Amino acid sequence: YDLCCILGDMSDSDYKIILKYVPKDKIVALLGNHDRLNLLSSFGIKNINGDIITINDLKIGGIEGSFRYKEEVFPSFNHEESYEFLKDMEEVDILLSHDKPFTENTNRPVHDGLKGITYYLYEKRVPYNIHGHEHESFLTELENGTKVKCAYGVELINLKKLD
């Protein structure tokens, strides 16, 4: 594998297990809506939120958190904040996110996704969005051709097989 991408909603014990098998320099991570704010720094793991790295000529960027649906402090955005966060991020080949793109209002704001992610995927014509949050695995494609992969648990994702 080239990179271990952790998409949020992980516990301290999850990280202890992962770090037994995966070197820190092969890990990038995002916080989810159930993570404590200093979780990644407490393990010395690279938080890719708002950052871009290059692996094998692929530019990978990230946005952590989910739609803000409760008053507690956790990594979160409203739709406008997610747009503002991503609008100036340079183009990437893969956007890692905890939440998914907003594609329809199902009256479940916690799982409807973020409009800023959708905007970014369309505006920058991003080929892939890999996200967590949904607690199930599935693959969809947006009208602009972006492949949206929800990863749950441990998955080996071969981008060539997504095409």
Side-chain angles (χ1 to χ4, degrees), residues 3-15 17-18 27-40 43 45-52 60-89 91-159 161-163:
L3 188 64
C4 174
C5 305
I6 300 172
L7 304 172
D9 290 350
M10 303 289 280
S11 69
D12 285 45
S13 59
D14 293 328
Y15 279 103
I17 292 167
I18 291 166
I27 300 174
V28 295
L30 296 165
L31 294 173
N33 58 306
H34 296 291
D35 295 330
R36 61 182 169 84
L37 296 177
N38 67 343
L39 178 63
L40 299 177
F43 284 98
I45 293 175
K46 166 89 172 134
N47 187 340
I48 195 167
N49 183 52
D51 202 1
I52 296 173
I60 303 167
I63 177 173
E64 67 188 6
S66 70
F67 181 80
R68 185 177 304 115
Y69 61 93
K70 59 184 177 180
E71 293 300 317
E72 296 170 38
V73 175
F74 65 98
S76 63
F77 298 89
N78 64 34
H79 292 301
E80 181 61 29
E81 290 166 341
S82 68
Y83 166 79
E84 287 297 322
F85 185 85
L86 289 169
K87 73 178 175 117
D88 295 325
M89 182 184 278
E91 184 177 315
V92 297
D93 301 296
I94 303 169
L95 180 68
L96 300 177
S97 57
H98 178 66
D99 210 345
K100 67 179 187 171
F102 181 96
T103 54
E104 68 176 309
N105 182 358
T106 64
N107 295 313
R108 294 178 23 231
V110 65
H111 288 283
D112 279 351
L114 284 167
K115 291 180 180 180
I117 293 173
T118 306
Y119 169 82
Y120 180 80
L121 297 174
Y122 275 83
E123 181 69 19
K124 304 293 184 174
R125 304 210 37 87
V126 178
Y128 304 100
N129 170 223
I130 302 172
H131 69 88
H133 191 53
E134 293 293 309
H135 301 272
E136 63 180 299
S137 295
F138 57 87
L139 177 66
T140 59
E141 187 171 327
L142 299 179
E143 291 178 9
N144 73 334
T146 298
K147 306 273 190 314
V148 179
K149 172 67 175 140
C150 182
Y152 179 63
V154 177
E155 290 192 43
L156 181 61
I157 299 172
N158 181 333
L159 295 180
K161 290 184 178 181
L162 291 182
D163 288 327

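All values reported here derive from a predicted model rather than from experimental measurement. Scope of the values below: all heavy atoms of this structure, side chains included, with no hydrogens, waters or symmetry mates.
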Check ion pair K149-E155 (N to O, under 4.0 angstrom): yes
Test item: I94 and I130 side chains (from C-beta on) under 4.5 Å apart, heavy atoms: yes
Side chain proximity check, F77 to F67, heavy atoms < 4.5 angstrom: no
Test: D12 and R36 ion pair at under 4.0 Å: yes
Modelled atom types, side-chain donor and acceptor of D99 and S97, under 3.5 Å: no
Charged tip of K115 within 45° of Y119 ring normal and under 6.0 Å: no
Whether over 12 other heavy atoms sit under 6.0 Å from E143 CD: no
E91 and R125 ion-paired at < 4.0 Å: no
Side chain to side chain, L96 and I60, heavy atoms closer than 4.5 Å: yes
Heavy-atom donor-acceptor pair, S11 side chain to D14 backbone, under 3.5 Å: yes
Expected output: side-chain E81 to main-chain N78 donor-acceptor under 3.5 Å: yes
Worked check of side chain to side chain contact (heavy atoms under 4.5 Å, CB included) between L40 and L31: CA-CA 8 Å; L40 299 177; L31 294 173; 3.7 Å; yes
Test side chain to side chain contact (heavy atoms under 4.5 Å, CB included) applied to N129 and H131, step by step: CA-CA 6 Å; N129 170 223; H131 69 88; 3.8 Å; yes
Donor-acceptor pair, side chain of D35 and main chain of M10, under 3.5 angstrom: yes
Residue pair I48 / L30, side-chain heavy-atom distance below 4.5 Å: yes
Minimum side-chain heavy-atom gap Y120-K87 below 4.5 Å: no
Close side-chain approach of K100 and T118, heavy atoms under 4.5 Å: no
Check: N33 side chain, G65 main-chain N or O, donor-acceptor pair, under 3.5 Å: no
Side chain Y83, main chain L114, donor-acceptor under 3.5 Å: no
Heavy-atom side-chain proximity of F74 to S66 below 4.5 angstrom: yes
F138 atom CZ, over 12 foreign heavy atoms within 6.0 Å: yes
Worked check of side chain to side chain contact (heavy atoms under 4.5 Å, CB included) between E123 and L86: CA-CA 10 Å; E123 181 69 19; L86 289 169; over 6 Å; no
Beyond-backbone contact of H133 with H111, side-chain heavy atoms, under 4.5 angstrom: yes
